[in-house]
Amino acid sequence: MQDEFDFIEQIKPKKIYQSSLIEGIGDDAALIHQKPEMEQIICMDTMVEGIHFTTATMSPYQIGYKALAVNISDIAAMGGIPTFYLVSIAIPKCWDEQELLSIYDGMAMLANKYKMDLIGGDTVSTADCLTITVTVIGEIEKDKHLLRSNAKPGDIVFVTGTVGDSAAGLDVLLHNEDKVFSETEKILVYKHQFPQPRVEIGRMLAALPRVSLNDISDGIASEANEIAKASQVVFSIDEDCLPLSKAIREYNNSRSIEWALYGGEDFELIGTMPKSDWENIYKQCDEKGFIITKIGTVSEGPQKVLLNKKDKSYILDKKGYNHFKVETK
Ligand SMILES: Nc1ncnc2c1ncn2[C@@H]1O[C@H](COP(=O)(O)OP(=O)(O)OP(=O)(O)O)[C@@H](O)[C@H]1O
Ligand SMILES: Cc1ncc(C[n+]2csc(CCOP(=O)(O)O)c2C)c(N)n1
Ligand SMILES: [Mg+2]
Ligand SMILES: [Mg+2]
Ligand SMILES: [Mg+2]
(Lines give C-alpha, C1' and ligand atoms only; values in the text may rest on other atoms or scores of the structure.)
(Ligands and ions follow the chains in the order given, each with its own letter.)
Protein backbone atom coordinates (compact mmCIF):
# COMPACT_ATOMS: atom_id res chain seq x y z
CA MET A 1 0.00 0.00 0.00
CA GLN A 2 1.28 3.46 -0.96
CA ASP A 3 -0.52 5.72 1.48
CA GLU A 4 -2.69 5.16 4.56
CA PHE A 5 -4.85 8.27 4.00
CA ASP A 6 -5.40 7.52 0.33
CA PHE A 7 -6.51 4.00 1.36
CA ILE A 8 -9.04 5.38 3.88
CA GLU A 9 -10.46 7.66 1.15
CA GLN A 10 -11.00 4.60 -1.05
CA ILE A 11 -12.85 2.53 1.55
CA LYS A 12 -15.11 5.38 2.66
CA PRO A 13 -18.71 4.35 1.80
CA LYS A 14 -20.39 6.32 -0.99
CA LYS A 15 -23.84 5.69 0.43
CA ILE A 16 -25.31 5.87 3.98
CA TYR A 17 -28.18 3.60 5.07
CA GLN A 18 -28.82 4.59 8.70
CA SER A 19 -30.55 7.93 9.32
CA SER A 20 -29.32 7.94 12.94
CA LEU A 21 -25.70 8.47 11.75
CA ILE A 22 -24.55 12.02 12.51
CA GLU A 23 -20.87 11.70 11.54
CA GLY A 24 -19.15 8.65 10.02
CA ILE A 25 -15.62 8.31 8.66
CA GLY A 26 -13.60 11.53 8.59
CA ASP A 27 -13.48 13.08 12.06
CA ASP A 28 -11.80 11.88 15.26
CA ALA A 29 -14.70 9.55 16.06
CA ALA A 30 -18.14 8.63 14.76
CA LEU A 31 -21.37 10.10 16.15
CA ILE A 32 -24.69 8.27 16.28
CA HIS A 33 -28.03 9.55 17.44
CA GLN A 34 -29.32 7.26 20.20
CA LYS A 35 -32.93 6.05 19.74
CA PRO A 36 -34.81 6.21 23.06
CA GLU A 37 -36.96 3.13 22.37
CA MET A 38 -34.00 0.86 21.58
CA GLU A 39 -31.11 -0.75 23.44
CA GLN A 40 -27.69 -0.65 21.79
CA ILE A 41 -25.74 -3.88 21.20
CA ILE A 42 -21.97 -3.75 20.75
CA CYS A 43 -19.59 -6.61 20.00
CA MET A 44 -16.12 -7.25 18.60
CA ASP A 45 -14.35 -10.27 17.12
CA THR A 46 -10.90 -10.59 15.56
CA MET A 47 -9.57 -12.77 12.76
CA VAL A 48 -5.84 -13.49 12.56
CA GLU A 49 -3.94 -14.92 9.59
CA GLY A 50 -2.62 -18.37 10.47
CA ILE A 51 -5.28 -18.87 13.18
CA HIS A 52 -8.65 -18.07 11.55
CA PHE A 53 -7.54 -18.28 7.91
CA THR A 54 -4.56 -18.73 5.63
CA THR A 55 -4.15 -17.59 2.05
CA ALA A 56 -4.90 -21.24 1.14
CA THR A 57 -8.25 -21.39 2.99
CA MET A 58 -9.75 -17.96 2.26
CA SER A 59 -9.50 -15.27 -0.42
CA PRO A 60 -9.27 -11.61 0.66
CA TYR A 61 -12.96 -11.14 -0.25
CA GLN A 62 -13.94 -14.13 1.92
CA ILE A 63 -11.80 -12.88 4.83
CA GLY A 64 -13.68 -9.57 4.74
CA TYR A 65 -17.06 -11.26 4.43
CA LYS A 66 -16.39 -13.64 7.33
CA ALA A 67 -14.84 -10.98 9.62
CA LEU A 68 -18.11 -9.04 9.41
CA ALA A 69 -20.34 -12.15 9.40
CA VAL A 70 -18.99 -13.50 12.71
CA ASN A 71 -19.78 -10.19 14.38
CA ILE A 72 -23.26 -9.92 12.85
CA SER A 73 -23.75 -13.44 14.23
CA ASP A 74 -23.17 -12.13 17.78
CA ILE A 75 -25.81 -9.43 17.18
CA ALA A 76 -28.18 -12.17 15.93
CA ALA A 77 -27.44 -14.15 19.11
CA MET A 78 -28.81 -11.21 21.13
CA GLY A 79 -31.92 -11.03 18.91
CA GLY A 80 -30.84 -7.71 17.42
CA ILE A 81 -30.54 -5.81 14.14
CA PRO A 82 -26.99 -4.88 13.02
CA THR A 83 -26.63 -1.21 12.05
CA PHE A 84 -22.98 -0.03 12.03
CA TYR A 85 -19.47 -1.47 11.87
CA LEU A 86 -15.89 -0.36 12.49
CA VAL A 87 -12.79 -2.10 11.16
CA SER A 88 -9.30 -2.17 12.60
CA ILE A 89 -6.78 -3.73 10.23
CA ALA A 90 -3.09 -4.49 10.80
CA ILE A 91 -1.44 -5.06 7.41
CA PRO A 92 1.82 -6.85 6.64
CA LYS A 93 3.93 -5.37 3.84
CA CYS A 94 3.28 -8.30 1.48
CA TRP A 95 -0.47 -7.53 1.03
CA ASP A 96 -1.17 -5.28 -1.94
CA GLU A 97 -3.81 -2.58 -2.17
CA GLN A 98 -6.06 -4.59 -4.50
CA GLU A 99 -6.21 -7.44 -1.95
CA LEU A 100 -7.02 -5.00 0.84
CA LEU A 101 -9.81 -3.38 -1.16
CA SER A 102 -11.13 -6.86 -1.82
CA ILE A 103 -11.38 -7.47 1.95
CA TYR A 104 -13.55 -4.33 2.19
CA ASP A 105 -15.67 -5.47 -0.81
CA GLY A 106 -16.40 -8.72 1.05
CA MET A 107 -17.58 -6.76 4.07
CA ALA A 108 -19.59 -4.35 1.90
CA MET A 109 -21.50 -7.25 0.31
CA LEU A 110 -22.88 -8.29 3.70
CA ALA A 111 -23.23 -4.68 4.94
CA ASN A 112 -25.46 -3.91 1.94
CA LYS A 113 -27.63 -6.92 2.72
CA TYR A 114 -28.25 -5.70 6.27
CA LYS A 115 -28.14 -1.94 5.47
CA MET A 116 -25.17 -1.38 7.74
CA ASP A 117 -22.79 1.59 7.52
CA LEU A 118 -19.01 1.47 7.92
CA ILE A 119 -18.42 4.35 10.35
CA GLY A 120 -14.75 4.12 11.31
CA GLY A 121 -11.77 2.00 12.22
CA ASP A 122 -8.01 2.05 12.21
CA THR A 123 -5.24 1.19 9.74
CA VAL A 124 -1.78 0.11 10.88
CA SER A 125 1.13 -1.93 9.56
CA THR A 126 2.40 -5.12 11.17
CA ALA A 127 5.51 -7.25 10.89
CA ASP A 128 3.86 -10.52 9.89
CA CYS A 129 0.24 -11.79 10.01
CA LEU A 130 -2.76 -9.84 8.77
CA THR A 131 -5.16 -9.15 11.65
CA ILE A 132 -8.65 -7.77 11.23
CA THR A 133 -10.85 -6.71 14.13
CA VAL A 134 -14.44 -5.74 13.47
CA THR A 135 -16.76 -3.99 15.89
CA VAL A 136 -20.46 -4.17 15.15
CA ILE A 137 -23.13 -1.99 16.67
CA GLY A 138 -26.73 -3.12 16.60
CA GLU A 139 -30.03 -2.41 18.24
CA ILE A 140 -32.97 -4.18 19.82
CA GLU A 141 -36.32 -3.08 21.21
CA LYS A 142 -36.08 -2.34 24.96
CA ASP A 143 -36.14 -5.51 27.14
CA LYS A 144 -36.33 -7.89 24.16
CA HIS A 145 -32.65 -9.00 24.23
CA LEU A 146 -31.93 -12.76 24.38
CA LEU A 147 -29.42 -13.73 27.06
CA ARG A 148 -27.46 -16.92 27.68
CA SER A 149 -28.85 -16.80 31.22
CA ASN A 150 -32.51 -17.11 30.11
CA ALA A 151 -32.81 -20.94 30.04
CA LYS A 152 -35.21 -22.61 32.49
CA PRO A 153 -36.00 -26.24 33.41
CA GLY A 154 -38.73 -27.59 31.10
CA ASP A 155 -37.43 -25.68 28.03
CA ILE A 156 -36.57 -27.44 24.80
CA VAL A 157 -33.08 -27.03 23.27
CA PHE A 158 -32.95 -26.06 19.59
CA VAL A 159 -30.31 -25.35 16.95
CA THR A 160 -30.67 -23.62 13.57
CA GLY A 161 -29.35 -24.90 10.25
CA THR A 162 -26.96 -27.84 10.08
CA VAL A 163 -23.83 -28.18 12.21
CA GLY A 164 -20.27 -29.35 11.53
CA ASP A 165 -20.20 -28.26 7.88
CA SER A 166 -17.70 -25.44 8.42
CA ALA A 167 -15.19 -27.75 10.14
CA ALA A 168 -15.67 -30.34 7.41
CA GLY A 169 -15.13 -27.58 4.80
CA LEU A 170 -11.91 -26.60 6.53
CA ASP A 171 -10.83 -30.25 6.44
CA VAL A 172 -11.48 -30.28 2.68
CA LEU A 173 -9.43 -27.10 2.22
CA LEU A 174 -6.51 -28.32 4.30
CA HIS A 175 -6.31 -31.69 2.52
CA ASN A 176 -6.77 -30.64 -1.11
CA GLU A 177 -3.89 -28.47 -2.17
CA ASP A 178 -4.83 -28.70 -5.85
CA LYS A 179 -8.28 -27.22 -4.99
CA VAL A 180 -10.19 -29.57 -7.25
CA PHE A 181 -13.37 -30.20 -5.27
CA SER A 182 -16.31 -32.54 -5.78
CA GLU A 183 -19.84 -31.03 -5.63
CA THR A 184 -20.16 -32.25 -2.02
CA GLU A 185 -16.83 -30.74 -1.05
CA LYS A 186 -17.79 -27.43 -2.70
CA ILE A 187 -20.88 -27.20 -0.45
CA LEU A 188 -18.78 -27.70 2.71
CA VAL A 189 -16.06 -25.28 1.60
CA TYR A 190 -18.72 -22.65 0.89
CA LYS A 191 -20.11 -23.11 4.43
CA HIS A 192 -16.62 -22.47 5.84
CA GLN A 193 -15.94 -19.41 3.70
CA PHE A 194 -19.39 -17.80 3.67
CA PRO A 195 -21.19 -18.51 6.99
CA GLN A 196 -24.69 -17.01 7.06
CA PRO A 197 -25.43 -14.99 10.21
CA ARG A 198 -28.95 -15.88 11.41
CA VAL A 199 -30.31 -12.37 11.97
CA GLU A 200 -33.78 -13.19 10.61
CA ILE A 201 -34.18 -16.14 12.99
CA GLY A 202 -32.81 -14.08 15.90
CA ARG A 203 -35.51 -11.49 15.18
CA MET A 204 -38.27 -14.15 15.19
CA LEU A 205 -36.96 -15.43 18.52
CA ALA A 206 -36.83 -11.91 19.98
CA ALA A 207 -40.62 -11.72 19.57
CA LEU A 208 -41.03 -14.57 22.10
CA PRO A 209 -41.33 -13.85 25.84
CA ARG A 210 -38.23 -15.83 26.91
CA VAL A 211 -35.45 -17.40 24.84
CA SER A 212 -31.83 -18.17 25.76
CA LEU A 213 -29.46 -17.89 22.83
CA ASN A 214 -25.84 -18.22 21.76
CA ASP A 215 -24.17 -18.41 18.35
CA ILE A 216 -21.91 -21.30 17.43
CA SER A 217 -18.35 -20.08 17.00
CA ASP A 218 -16.51 -22.73 19.03
CA GLY A 219 -18.89 -25.72 18.59
CA ILE A 220 -22.16 -26.98 20.09
CA ALA A 221 -20.41 -28.57 23.10
CA SER A 222 -18.83 -25.27 24.05
CA GLU A 223 -21.86 -23.05 23.38
CA ALA A 224 -24.33 -25.39 25.14
CA ASN A 225 -22.06 -25.41 28.20
CA GLU A 226 -21.99 -21.60 28.14
CA ILE A 227 -25.79 -21.43 28.28
CA ALA A 228 -26.00 -24.18 30.95
CA LYS A 229 -23.48 -22.26 33.07
CA ALA A 230 -25.07 -18.82 32.59
CA SER A 231 -28.55 -20.24 33.40
CA GLN A 232 -27.43 -22.78 36.05
CA VAL A 233 -29.35 -25.64 34.41
CA VAL A 234 -28.77 -29.09 32.94
CA PHE A 235 -28.87 -29.54 29.17
CA SER A 236 -29.69 -32.95 27.76
CA ILE A 237 -28.88 -33.29 24.04
CA ASP A 238 -29.79 -36.28 21.86
CA GLU A 239 -26.96 -37.14 19.51
CA ASP A 240 -29.37 -38.65 16.96
CA CYS A 241 -31.21 -35.30 16.70
CA LEU A 242 -28.15 -33.23 15.69
CA PRO A 243 -28.92 -31.75 12.25
CA LEU A 244 -26.24 -33.04 9.86
CA SER A 245 -26.19 -32.07 6.20
CA LYS A 246 -26.22 -34.61 3.37
CA ALA A 247 -22.85 -33.13 2.35
CA ILE A 248 -21.13 -33.85 5.69
CA ARG A 249 -22.48 -37.42 5.75
CA GLU A 250 -21.24 -37.99 2.23
CA TYR A 251 -17.86 -36.41 2.84
CA ASN A 252 -16.93 -38.27 6.04
CA ASN A 253 -19.80 -39.63 8.12
CA SER A 254 -17.46 -41.15 10.69
CA ARG A 255 -16.29 -37.66 11.74
CA SER A 256 -19.60 -35.81 11.31
CA ILE A 257 -20.65 -35.93 14.99
CA GLU A 258 -17.20 -34.85 16.15
CA TRP A 259 -17.30 -31.85 13.76
CA ALA A 260 -20.88 -31.02 14.79
CA LEU A 261 -20.03 -31.01 18.50
CA TYR A 262 -16.50 -29.62 18.54
CA GLY A 263 -15.73 -28.14 15.10
CA GLY A 264 -17.18 -24.64 15.47
CA GLU A 265 -17.48 -21.71 13.05
CA ASP A 266 -20.97 -22.76 11.93
CA PHE A 267 -22.40 -19.45 13.18
CA GLU A 268 -25.79 -21.10 13.61
CA LEU A 269 -27.82 -20.30 16.73
CA ILE A 270 -28.31 -22.64 19.70
CA GLY A 271 -30.73 -21.88 22.50
CA THR A 272 -33.77 -22.81 24.52
CA MET A 273 -37.42 -21.79 24.69
CA PRO A 274 -40.54 -22.91 26.56
CA LYS A 275 -42.09 -26.07 25.00
CA SER A 276 -45.27 -24.12 24.29
CA ASP A 277 -43.49 -21.80 21.81
CA TRP A 278 -41.77 -24.51 19.77
CA GLU A 279 -44.51 -25.41 17.26
CA ASN A 280 -45.16 -21.79 16.34
CA ILE A 281 -41.45 -20.98 15.79
CA TYR A 282 -40.88 -24.19 13.86
CA LYS A 283 -43.75 -23.23 11.53
CA GLN A 284 -42.48 -19.68 11.06
CA CYS A 285 -38.97 -20.93 10.22
CA ASP A 286 -40.34 -23.59 7.87
CA GLU A 287 -42.41 -21.01 5.96
CA LYS A 288 -39.29 -18.87 5.44
CA GLY A 289 -37.13 -21.85 4.41
CA PHE A 290 -35.00 -21.90 7.59
CA ILE A 291 -34.02 -25.15 9.26
CA ILE A 292 -34.56 -25.29 13.02
CA THR A 293 -34.27 -28.55 14.98
CA LYS A 294 -35.23 -29.62 18.48
CA ILE A 295 -32.15 -31.38 19.88
CA GLY A 296 -32.86 -31.76 23.59
CA THR A 297 -34.37 -30.56 26.84
CA VAL A 298 -33.45 -28.50 29.90
CA SER A 299 -33.81 -29.74 33.47
CA GLU A 300 -32.98 -28.63 36.99
CA GLY A 301 -29.62 -29.41 38.61
CA PRO A 302 -25.99 -28.36 38.88
CA GLN A 303 -24.86 -26.94 35.55
CA LYS A 304 -23.83 -29.56 32.97
CA VAL A 305 -24.50 -30.78 29.43
CA LEU A 306 -25.44 -34.42 28.87
CA LEU A 307 -25.20 -36.14 25.51
CA ASN A 308 -27.63 -39.03 25.03
CA LYS A 309 -26.24 -41.68 22.73
CA LYS A 310 -28.34 -44.83 22.17
CA ASP A 311 -29.38 -45.81 25.71
CA LYS A 312 -26.45 -44.16 27.47
CA SER A 313 -25.77 -40.65 28.66
CA TYR A 314 -22.37 -38.92 28.79
CA ILE A 315 -21.16 -35.58 30.10
CA LEU A 316 -20.44 -33.31 27.14
CA ASP A 317 -17.42 -31.31 28.27
CA LYS A 318 -16.79 -27.73 27.19
CA LYS A 319 -14.38 -28.87 24.52
CA GLY A 320 -14.10 -27.28 21.10
CA TYR A 321 -11.95 -24.60 19.62
CA ASN A 322 -9.88 -22.93 22.33
CA HIS A 323 -7.14 -20.45 21.41
CA PHE A 324 -4.96 -21.38 24.36
CA LYS A 325 -5.23 -25.16 24.43
CA VAL A 326 -3.08 -27.22 22.10
CA GLU A 327 -5.31 -30.32 22.10
CA THR A 328 -8.91 -29.40 21.17
CA LYS A 329 -10.57 -32.79 21.36
N1 LIG B 1 -9.96 -9.22 25.67
C2 LIG B 1 -11.16 -8.94 26.15
N3 LIG B 1 -11.37 -7.84 26.89
C4 LIG B 1 -12.60 -7.58 27.37
N5 LIG B 1 -13.68 -8.35 27.18
C6 LIG B 1 -13.53 -9.45 26.46
C7 LIG B 1 -12.27 -9.81 25.89
N8 LIG B 1 -12.43 -10.97 25.22
C9 LIG B 1 -13.73 -11.31 25.34
N10 LIG B 1 -14.41 -10.41 26.07
C11 LIG B 1 -15.83 -10.44 26.45
O12 LIG B 1 -16.14 -11.74 26.95
C13 LIG B 1 -17.45 -12.16 26.56
C14 LIG B 1 -17.39 -13.48 25.82
O15 LIG B 1 -16.57 -13.30 24.69
P16 LIG B 1 -16.36 -14.41 23.60
O17 LIG B 1 -15.39 -13.85 22.61
O18 LIG B 1 -16.06 -15.69 24.25
O19 LIG B 1 -17.82 -14.52 22.96
P20 LIG B 1 -18.18 -14.73 21.47
O21 LIG B 1 -17.73 -13.59 20.61
O22 LIG B 1 -19.61 -15.05 21.46
O23 LIG B 1 -17.32 -16.01 21.07
P24 LIG B 1 -16.29 -16.09 19.84
O25 LIG B 1 -15.19 -15.08 20.09
O26 LIG B 1 -15.81 -17.49 19.91
O27 LIG B 1 -17.08 -15.75 18.62
C28 LIG B 1 -18.01 -11.02 25.74
O29 LIG B 1 -18.76 -10.19 26.59
C30 LIG B 1 -16.77 -10.29 25.26
O31 LIG B 1 -17.01 -8.91 24.97
C1 LIG C 1 -6.38 -22.10 8.96
C2 LIG C 1 -7.42 -22.41 9.97
N3 LIG C 1 -7.16 -23.27 10.98
C4 LIG C 1 -8.08 -23.53 11.93
C5 LIG C 1 -9.31 -22.93 11.87
C6 LIG C 1 -10.37 -23.28 12.89
N7 LIG C 1 -10.67 -22.22 13.84
C8 LIG C 1 -9.93 -21.13 14.00
S9 LIG C 1 -10.60 -20.09 15.13
C10 LIG C 1 -11.90 -21.13 15.43
C11 LIG C 1 -12.98 -20.85 16.45
C12 LIG C 1 -13.60 -19.52 16.30
O13 LIG C 1 -12.68 -18.50 16.60
P14 LIG C 1 -12.96 -17.45 17.75
O15 LIG C 1 -13.08 -18.23 19.05
O16 LIG C 1 -11.80 -16.51 17.73
O17 LIG C 1 -14.25 -16.80 17.41
C18 LIG C 1 -11.79 -22.27 14.65
C19 LIG C 1 -12.72 -23.41 14.66
C20 LIG C 1 -9.55 -22.03 10.79
N21 LIG C 1 -10.72 -21.39 10.64
N22 LIG C 1 -8.59 -21.81 9.87
MG1 LIG D 1 -15.67 -13.04 20.74
MG1 LIG E 1 -21.04 -15.40 20.24
MG1 LIG F 1 -18.30 -14.09 18.42
Side-chain angles (χ1 to χ4, degrees), residues 39-53 58 62-90 107 110-111 114 116 122 131-140 145-151 159-161 163-167 170 191-199 201-202 205-206 211-231 235 259-272 303 305 316-325 328-329:
E39 290 169 357
Q40 256 193 353
I41 313 173
I42 306 166
C43 61
M44 169 194 283
D45 269 333
T46 295
M47 281 177 45
V48 179
E49 186 178 357
I51 301 291
H52 297 86
F53 62 88
M58 309 258 285
Q62 289 157 351
I63 293 165
Y65 172 95
K66 193 160 169 180
L68 184 56
V70 303
N71 278 281
I72 296 176
S73 176
D74 277 320
I75 301 286
M78 302 302 285
I81 307 163
T83 48
F84 300 106
Y85 66 112
L86 298 96
V87 180
S88 167
I89 187 160
M107 288 190 277
L110 204 47
Y114 289 108
M116 298 168 71
D122 201 20
T131 302
I132 179 165
T133 299
V134 177
T135 299
V136 167
I137 298 174
E139 59 185 18
I140 185 159
H145 51 248
L146 308 175
L147 301 181
R148 294 175 185 178
S149 56
N150 281 353
V159 68
T160 66
V163 279
D165 296 338
S166 173
L170 178 63
K191 289 287 202 87
H192 181 75
Q193 294 170 332
F194 289 107
Q196 304 289 316
R198 298 302 183 188
V199 176
I201 305 180
L205 297 170
V211 166
S212 71
L213 203 58
N214 203 353
D215 68 320
I216 303 176
S217 50
D218 299 328
I220 281 196
S222 183
E223 319 299 348
N225 268 286
E226 280 176 350
I227 303 179
K229 182 177 180 203
S231 299
F235 265 43
W259 282 325
L261 293 173
Y262 308 116
E265 293 189 290
D266 288 310
F267 298 102
E268 294 294 344
L269 299 173
I270 178 169
T272 76
Q303 127 215 345
V305 178
L316 190 60
D317 288 325
K318 192 174 189 290
K319 286 187 296 188
Y321 195 87
N322 187 315
H323 285 282
F324 300 103
K325 280 191 183 157
T328 61
K329 273 156 211 109

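Given the structure is predicted, the values throughout are model-derived calculations rather than measurements. Hydrogens, waters and symmetry mates are skipped; everything else that's a heavy atom, side chains included, is used. We count ligands from 1, going down the list as the structure has it; atoms in each ligand are counted the same way.
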Ser231 side chain to Arg148 backbone, donor-acceptor under 3.5 Å: yes
Looking at [atom], what's its closest protein heavy atom, distance included?
atom: atom 18 (O) of ligand 1; value: Glu226 OE2, 4.7 Å
atom: atom 26 (O) of ligand 1; value: Ser217 OG, 2.7 Å
atom: atom 21 (O) of ligand 1; value: Asp74 OD2, 3.1 Å

Do the non-hydrogen side-chain atoms of [X] and [Y] ever get within less than 4.5 Å of each other?
X: Val199; Y: Tyr114; result: yes
X: His52; Y: Val70; result: no
X: Leu316; Y: Tyr262; result: yes

Measuring to protein heavy atoms, does anything land under 4.0 Å from [atom]?
atom: atom 24 (P) of ligand 1; answer: yes
atom: atom 29 (O) of ligand 1; answer: no
atom: atom 5 (N) of ligand 1; answer: no
atom: atom 12 (O) of ligand 1; answer: no

On a heavy-atom basis, which atom in [X] and which in [Y] lie closest, and how many Å separate them?
X: Phe267; Y: Arg198; answer: O-CG, 4.0 Å
X: Asp74; Y: Cys43; answer: CB-SG, 3.7 Å
X: Pro195; Y: Tyr65; answer: O-OH, 2.8 Å

Using distance alone, decide if ligand 1 has a nitrogen or oxygen within less than 3.5 Å of any nitrogen or oxygen in Asp45. yes
Counting backbone and side chain alike, does Asp45 bring an N/O/S atom below 2.8 Å of the Mg ion (ligand 3)? yes
Is any side-chain N of the basic residue among Lys318 and Glu226 closer than 4.0 Å to the acidic one's carboxylate O? yes
Using a strict 4.0 Å cut-off to heavy atoms of Asp218, name the atoms of ligand 1 that fall inside it. 26 (O)
With heavy atoms of Arg148 as the reference, note each atom of ligand 1 found under 4.0 Å away. 19 (O), 22 (O)
Of the N, O or S atoms in Asp74, the one nearest the Mg ion (ligand 5): OD2
